[in-house]
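Quick notes on the structure that follows.
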Amino acid sequence: MYNSSSVASCLCGSAPCLLCGCCPSSNNSTVTRLVFSFFLLLGTLVSVIMILPGMETQLRKIPGFCQGGTTIPGIENHVNCDVIVGYKSVYRMCFAMACFFFLFSAIMIRVKSSKDPRATLQNGFWFFKFLILVGITVGAFFIPDGTFHDVWFYFGIVGSFMFILIQLILLIDFAHSWNEVWVRNAEEGNSKCWFSGLLFFTVLHYALAFAAVVLLYLYYTKPDNCAEHKFFISSNLILCVIISVVSILPKVQDASPQSGLLQSSIITLYTMYVTWSAMTNNPNRECNPSLLSLVSNISTTEAMPTSSPGMVQWWDAQGIVGLVIFLFCTFYASIRSSSNAQVNRLMQTEEGKGTVGGEEVGEDGLRRVVDNEEDGVTYNYSFFHFHLLLASLYIMMTLTNWYKPDITTQAMQSTMPAVWVKISSSWLGLGLYLWTLVAPVIFLNRDFN
């Protein structure tokens, strides 16, 4: 049980005081990232609650927020609250989170060690940070409609494009770490067991990806229509075959022994998800059947009429999968300690650059968090907050199904820009992964280990 001074230390103290007084044995660089990620996840939870059915009744109480609600003298809002209020709430909540992380990204530029006074702000004062986030959120809900939704939609498009790339980089890093650990265990212990596990998951990922390709061709293309979808599926399938073949070439294996089919299989499966996610945003309903119509075997035109501007599908399969991947990548980015030099360069992290986090034992005999960044930070503070900023924009687009708000028609509409953003991000992501494979072969004199 902590006394009042201990609690005050937790809320207002500096990094060592806060972390040593409140947390189990760990490095402060990890704990800080986890807490900031918790802020992001808390905002995500609030956004999810705001788009649940029935919340529009409560949100009508916000002055000037939607038609039929509390008004502001001299301001009249003609927006249909029943159709768009949930999306407006998500836009404002994610706008507040983006502003919060942008603020800290700007403040933390070029912090080199925990001796920098700004590092204390990074690792402590959590109560005041929470108050700042709440204050920005409250202010965001009073932003007039105007062009806010249109402008912020395009911010969301660009930010989500960049975050999809970051997700792919994190998946590459996760696959490398997975492969490295299991290969090491195979060399030290029961090799058949560990190698069988690697083979099983590699085959499983490729089998799921192949099944996805078949289903995409079957349900999202027509013999005489949907040429874009045919191109998307075929091009990404060809690129995935290329990276898989390149990953096992002798020269690539000699230069990067840690590369292999496990990584390529994960990237292939993720690429198929992004391809499917992109096609679900096609406004042409003939090429984009709803999941309900596929399950119930109802024709697309009956299940989802083309002219249904007020019809919004709040929770669809690709949105749920996207949310799960987002949660995984956010958590992994907070605890990752990678030995992959190329990924560390892309993610602006240099794990191991700081001092080694030893154990610090308190008077009560419990191990405490230690400051492992006195000699140098283990991650780029500014880039980490920029990454969370992009995550805020991505979750905004995911929860709103990448629909574009149209205030004039009081509707949410699918748009082709969302389709092309996702597809182009998959192409660029595959290009980045291909580069991690061939760069050690091309630049023989550089150390990529």
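In what follows, every heavy atom counts, from backbone to side chain, and hydrogens, waters and symmetry copies are set aside.
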- Message: Is there a side-chain contact (heavy atoms from CB on, under 4.5 Å) between I166 and M162? Walk through the geometry before answering.
- Response: CA-CA 6 Å; I166 289 179; M162 299 172 68; 5.6 Å; no
- Item | Residues Y270 and S426: side-chain donor-acceptor under 3.5 angstrom | no
- Item | Pair F163 and H387, ring centroids less than 6.0 Å apart | yes
- Item | Distance in Å, L103 CG paired with M108 CE, rounded so as to fall on 0.5 Å steps | 8.5 Å
- Crowded around F155 CZ? As in, over 12 foreign heavy atoms under 6.0 Å? no
- May I ask you to check whether over 12 heavy atoms, not counting those of F130, lie within 6.0 Å of atom CZ? no
- Does the side-chain contact (heavy atoms from CB on, under 4.5 Å) test come out yes or no for F161 and L390, once each step is laid out? CA-CA 9 Å; F161 170 83; L390 298 179; over 6 Å; no
- Item | Geometric class of the F128/F125 ring pair [parallel <30°, tilted 30-60°, perpendicular >60°] | tilted
- Message: side-chain hydrogen bond (donor to acceptor under 3.5 Å, both in side chains) for Y217 and S234? Distances and angles first, verdict last.
- Response: CA-CA 9 Å; Y217 272 120; S234 300; 2.4 Å; yes
- Message: Can you confirm whether K129 sits close enough to F100 that some side-chain heavy atom of one is under 4.5 Å from a side-chain heavy atom of the other?
- Response: yes
- Task: Check whether any side-chain heavy atom of F328 lies under 4.5 Å from a side-chain heavy atom of L170, and answer yes or no.
- Result: no
- Separation between CD1 (I242) and CG (L437), nearest 0.5 Å, reads 12.0 Å
- Item | Test log, rule side-chain contact (heavy atoms from CB on, under 4.5 Å), inputs Q263 and I172 | CA-CA 6 Å; Q263 296 92 317; I172 294 173; 5.9 Å; no
- Return the set of residues passing side chain to side chain contact (heavy atoms under 4.5 Å, CB included) with L208 (not counting sequence neighbours), or none when no residue passes. L204, L269
- Message: Using modelled atom types and a 3.5 Å cut-off, is there a donor and acceptor pairing between side-chain atoms of K251 and backbone atoms of V441?
- Response: no
- Task: Mind listing the closest non-hydrogen atom pair of A418 and I157 along with its distance?
- Result: CA-CD1, 3.9 Å
- Task: Please name the pair of heavy atoms, one in A278 and one in V419, separated by the smallest distance, quoted to 0.1 Å.
- Result: O-CG2, 3.2 Å
- Using 30° and 60° as the class limits, which term best fits the ring planes of F36 and W126: parallel, tilted or perpendicular? perpendicular
- Step by step, would you call N236 with I423 a side-chain contact (heavy atoms from CB on, under 4.5 Å)? CA-CA 9 Å; N236 277 349; I423 289 296; 4.3 Å; yes
- Item | Spatial distance of atom CG (N123) from atom OG1 (T32) [nearest 0.5 Å] | 3.5 Å
- Message: If I take atom OH from residue Y381 and atom NZ from residue K112, how far apart are they, to the nearest 0.5 angstrom?
- Response: 12.0 Å
- Note on the structure: For I109 and R118 the tightest heavy-atom approach is O-NH1, 2.8 Å
- Query: Do Q122 and H385 have side chains that get closer than 4.5 Å, going by heavy atoms?
  - Reply: yes
- Any side-chain donor-acceptor pair under 3.5 Å between T280 and Y220? no
- Might you point out which heavy atoms bring V111 and A119 nearest each other, and give the distance in Å? CG1-CB, 4.4 Å
- Message: Any non-hydrogen side-chain atom of W420 less than 4.5 Å from a side-chain atom of N281?
- Response: no
- Task: Check whether any side-chain heavy atom of L239 lies under 4.5 Å from a side-chain heavy atom of T271, and answer yes or no.
- Result: no
- Message: For the OH atom of Y433 and the CD1 atom of I267, what is their distance to the nearest 0.5 Å?
- Response: 6.5 Å
- Message: According to side-chain hydrogen bond (donor to acceptor under 3.5 Å, both in side chains), does anything in residues 204-215 pair up with another residue at least two apart or in another chain? List the pairs.
- Response: H205-S265, Y206-S244
- For S247 and Q253, the nearest pair of non-hydrogen atoms, with its separation, is O-NE2, 2.7 Å
- Query: Got a second to check how far R110's CZ is from S382's OG, nearest 0.5 Å?
  - Reply: 10.5 Å
- Is the backbone of F101 close enough, under 3.5 Å, to the side chain of S105 for a donor and an acceptor to pair up by distance? no
- Message: Are more than 12 heavy atoms, taken from residues, nucleotides or ligands other than F38, located less than 6.0 Å from that residue's CZ atom?
- Response: no
- Do T268 and F210 come within less than 4.5 Å of each other through their side chains, counting heavy atoms only? no
Could you go through residues 135-143 and list every donor-acceptor pair under 3.5 Å that involves a side-chain atom there, pairing it with any protein atom two or more places apart or in another chain?
unit_1, atom_1, unit_2, atom_2, d
T137, OG1, L133, O, 2.8

- Item | Nearest heavy atoms of I395 and C94, plus distance in Å | CG2-SG, 3.7 Å
- Can E228 and N282 be said to form a side-chain hydrogen bond (donor to acceptor under 3.5 Å, both in side chains), step by step? CA-CA 10 Å; E228 299 99 334; N282 192 336; 5.0 Å; no
- Query: So F386 and F383, would you call those rings parallel, tilted or perpendicular, with 30° and 60° as cut-offs?
  - Reply: tilted
- Message: In the structure I gave you, are the side-chain heavy atoms of S89 and R92 within less than 4.5 Å of one another anywhere?
- Response: no
- Message: For the CZ atom on F39, are there more than 12 heavy atoms of other groups (residues, nucleotides or ligands in this structure) within a distance under 6.0 Å?
- Response: yes
